[in-house]
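The structure appears right after this line, and notes come after that.
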Amino acid sequence: MKLEFIPKFITLLAGAIVAVITIVKDMDTTYSLELLLATLIIFYIIGLIAKKIIQKVLEGNMFVRRNAAPIENMEQPPENPKKEEKAQEGRSVQEKSE
């Protein structure tokens, strides 16, 4: 996942929304540009924070997956111990005959 695009996308989206609102409300150009600049800075910082949070969550999930993998691959106890005992007896009889 490309996390570097998150702050840029959030910033551009907020900027577009502010630009549309200032045009619809027919605000002064200088004031609308100041408002747009402040919005872009604030939402860029919010995007950086969101990116860091998402990175931490993804790294945490990878850590859990790496540590959970050996547990899933552990040898399961035999479902029917009598079959396992017979198989071991058969092996020992074959070993003795050789």
Is there a path of hydrophobic side-chain contacts, each under 4.5 Å between heavy atoms of I/L/V/M/F/W/Y residues, joining L12 to L36?
no
First locate atom NZ of K8, then atom NZ of K51, and finally report the distance between them rounded to the nearest 0.5 Å.
8.0 Å
To the nearest 0.5 Å, what is the distance between CG (L33) and CG (D28)?
9.0 Å
So CD1 of I6 and CD1 of I53: to nearest 0.5 Å the spacing works out to 10.5 Å
Taking all heavy atoms of I10 and all of A50, pick out the closest pair and write down the distance.
CD1-CB, 4.5 Å
Pairwise distance CD(E34) to OG1(T39) - rounded to 0.5 angstrom
11.5 Å
Rounded to the nearest 0.5 Å, what's the gap from CD1 on I45 to OG1 on T11? Could you check?
9.5 Å
From I46 CD1 over to I41 CD1, what is the distance, rounded to the nearest 0.5 angstrom?
12.5 Å
For residues F43 and L40: do they belong to one hydrophobic cluster (side chain heavy atoms under 4.5 Å, members Ile, Leu, Val, Met, Phe, Trp, Tyr)?
no
What is the minimum heavy-atom distance between P7 and L3, and which atoms define it?
CD-O, 3.7 Å
